[in-house]
Amino acid sequence: MDSVASLWDELDEQLLPLLRGYRRNLSGLRVDTKSDRTLLSEADVAAQTVIVEAVRRRFPDAGFVAEEDHSGLVTSGDPLWIIDPIDGTSEFVRADGREFCSVVCRVDAGIPTATYILAPELGIGRSALSIRWADEVTVNGRAAVPLPRVPVPRRASVTRSKGSTPRRFEFALTAAGAEVKLRTTSQTLDMVRTCIDLSDCTDIVGSFDLFYRPNQKVWDGAAGIGLSLATGRSAVDGFGTDAVPFDEALWKQREPLFSETIIGSPECVRWFVDVLARSRSG
């Protein structure tokens with residue numbers, strides 16, 4: 001994985017100044033609203049171009065599943081690279097926002113094998129965090145610390161659209177004593193904080209024992225699923241079926257979606273799958 005590690009180094013060197021440059025000039029940043037009501041900024045497009053070109057230099061036969069402006073990209077190949085140039089664009093375009101990141105996930109034969117997550121302002125004092133997995137999981141070059149395993153979630157990320165109706169399982173989480181996060185920021189960073197302990201390197205409080213999303217876009221979830229497996233967590237769908245290997249049919253969709261994504265310690269995941277089953281049974 002030496003070539004992957006050097007790719008991660010290059011992305012740090014190129015993406016960090018690029019994203020910080022756009023952040024310094026938010027008043028002039030061009031931002032559009034896509035058909036799904038999410039935001040697209042010129043920074044998203046620029047970051048994706050940097051990532052694709054860096055990958056192609058090392059892996060010329062690679063395929064891509066990328067969120068933004070993907071016309072002309074080869075969408076099949078092995079390895080396959082899944083790219084979210086800025087996860088959390090709504091945070092990126094706010095001067096006080098910090099929960100955004102660039103995300104790359106390498107997939108071989110349907111299995112995530114490496115991930116890269118650059119959060120330019122998540123660290124202490126708005127410093128950068130570079131979270132990587134190739135041979136090992138690291139945060140800014142140091143071995144990542146996995147979160148402890150617990151049987152029932154104490155804090156869960158189950159965000160939903162603002163103003164939408166509470167779901168039955170939310171009441172079960174609250175009844176079990178869990179603090180529930182409903183506001184959407186960066187799905188990837190919530191998944192990271194369900195896998196590893198960032199308390200020593202960020203001043204944003206909060207880890208999660210459980211992460212859940214229905215109809216999750218592949219570029220929002222693939223890296224987090226890979227990271228969860230690399231740190232000994234479980235990654236399943238809403239019926240407890242393993243999330244990997246990814247189905248080849250995913251890549252044929254215009255907007256690939258995981259029907260449901262659940263990650264967390266195995267005990268928490270089993271508990272929540274049972275909760276979902278009861279909520280569906282009426």
Side-chain angles (χ1 to χ4, degrees), residues 8-55 64-71 73 82-105 115-132 139-140 157 159-164 181-193 198 201-206 208 213 216-224 255:
W8 298 164
D9 289 339
E10 180 179 348
L11 290 180
D12 272 355
E13 292 172 2
Q14 294 195 41
L15 287 174
L16 198 54
L18 175 78
L19 297 175
R20 285 177 170 168
Y22 280 111
R23 286 282 288 168
R24 284 193 296 269
N25 296 284
L26 287 179
S27 62
L29 183 68
R30 188 176 69 251
V31 182
D32 299 314
T33 302
K34 297 188 288 187
S35 59
D36 63 359
R37 295 186 295 179
T38 60
L39 300 181
L40 169 64
S41 76
E42 60 184 307
D44 291 82
V45 177
Q48 181 161 298
T49 299
V50 165
I51 295 167
V52 169
E53 290 179 352
V55 171
F64 296 90
V65 175
E67 182 172 13
E68 314 298 357
D69 191 27
H70 55 270
S71 58
L73 289 180
I82 302 175
I83 299 169
D84 192 344
I86 302 178
D87 181 24
T89 303
S90 61
E91 286 274 302
F92 182 85
V93 301
R94 292 172 42 196
D96 62 344
R98 295 176 63 186
E99 296 191 47
F100 57 87
C101 58
S102 294
V103 187
V104 183
C105 179
T115 62
Y116 169 86
I117 300 160
L118 175 66
E121 298 183 22
L122 193 70
I124 294 171
R126 289 185 174 263
S127 59
L129 295 185
S130 181
I131 300 152
R132 307 177 179 191
V139 180
N140 286 355
S157 171
T159 64
R160 54 180 165 83
S161 299
K162 184 178 181 180
S164 59
K181 178 187 176 184
L182 296 176
R183 176 178 171 265
T184 299
T185 50
S186 161
Q187 294 185 46
T188 299
L189 291 180
D190 280 8
M191 296 175 89
V192 168
R193 290 179 291 188
L198 296 180
C201 47
T202 182
D203 45 11
I204 294 180
V205 177
F208 302 100
R213 290 296 183 286
Q216 187 184 39
K217 296 171 185 176
V218 164
W219 41 76
D220 289 334
E255 187 173 72

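Along the sequence shown, residues are numbered consecutively beginning with 1.
Atom CZ of R160 sits about 13.5 Å away from atom NZ of K181, to the nearest 0.5 Å. Remark: T184 OG1 to K162 NZ distance equals 11.5 Å, nearest 0.5 Å.
Residues G123 and D203 share a closest heavy-atom pair of O-OD1, 3.7 Å. Across S186 and C101, no two heavy atoms sit closer than the pair OG-SG, 3.6 Å. Of all the heavy atoms in A128 and N140, the pair that sits closest is O-ND2, 3.1 Å. Closest heavy-atom contact between V139 and C201: CG1-SG, 4.0 Å. Closest of all the heavy-atom pairs between S157 and F208 is N-CD2, 3.6 Å.
Considering R94, Q187, R193, R183 in turn, R193 is the only one that fulfils the side-chain hydrogen bond (donor to acceptor under 3.5 Å, both in side chains) rule with E99. Screening I131, L11, L15 against L118 for a side-chain contact (heavy atoms from CB on, under 4.5 Å) leaves a single residue, L15. Residue E121 is tested with R20, R23, R98 for a side-chain hydrogen bond (donor to acceptor under 3.5 Å, both in side chains); the sole match is R23.
Using a 4.5 Å heavy-atom threshold, the side chains of W219 and P85 count as separate. Side-chain atoms of L129 and V192, non-hydrogen and from C-beta on, never get closer than 4.5 Å to each other. Using a 4.5 Å heavy-atom cutoff, the side chains of I51 and Y116 are not in contact. Using a 4.5 Å heavy-atom cutoff, the side chains of F100 and S90 are not in contact.
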Between I86 and L19, is a side chain to side chain contact (heavy atoms under 4.5 Å, CB included) present by the stated rule, with each step listed?
CA-CA 9 Å; I86 302 178; L19 297 175; 3.9 Å; yes
Run the side chain to side chain contact (heavy atoms under 4.5 Å, CB included) test on I117 and L189 for me, step by step, so that the C-alpha distance in whole Å, both residues' side-chain angles and the decisive distance to 0.1 Å come before the verdict.
CA-CA 8 Å; I117 300 160; L189 291 180; 4.1 Å; yes
Show the numbers, then the answer: is there a side chain to side chain contact (heavy atoms under 4.5 Å, CB included) between R132 and D12?
CA-CA 11 Å; R132 307 177 179 191; D12 272 355; 2.6 Å; yes
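Between T89 and D44, the side chains place a donor N or O and an acceptor N or O closer than 3.5 Å (distance only, hydrogens not considered).
Using a 4.0 Å cut-off between a side-chain N of Lys or Arg and a carboxylate O of Asp or Glu, R213 and D190 qualify as a salt bridge.
Using a distance-only test at 3.5 Å, with no hydrogens or angles considered, a donor-acceptor pair links the side chain of T202 to the main chain of L122.
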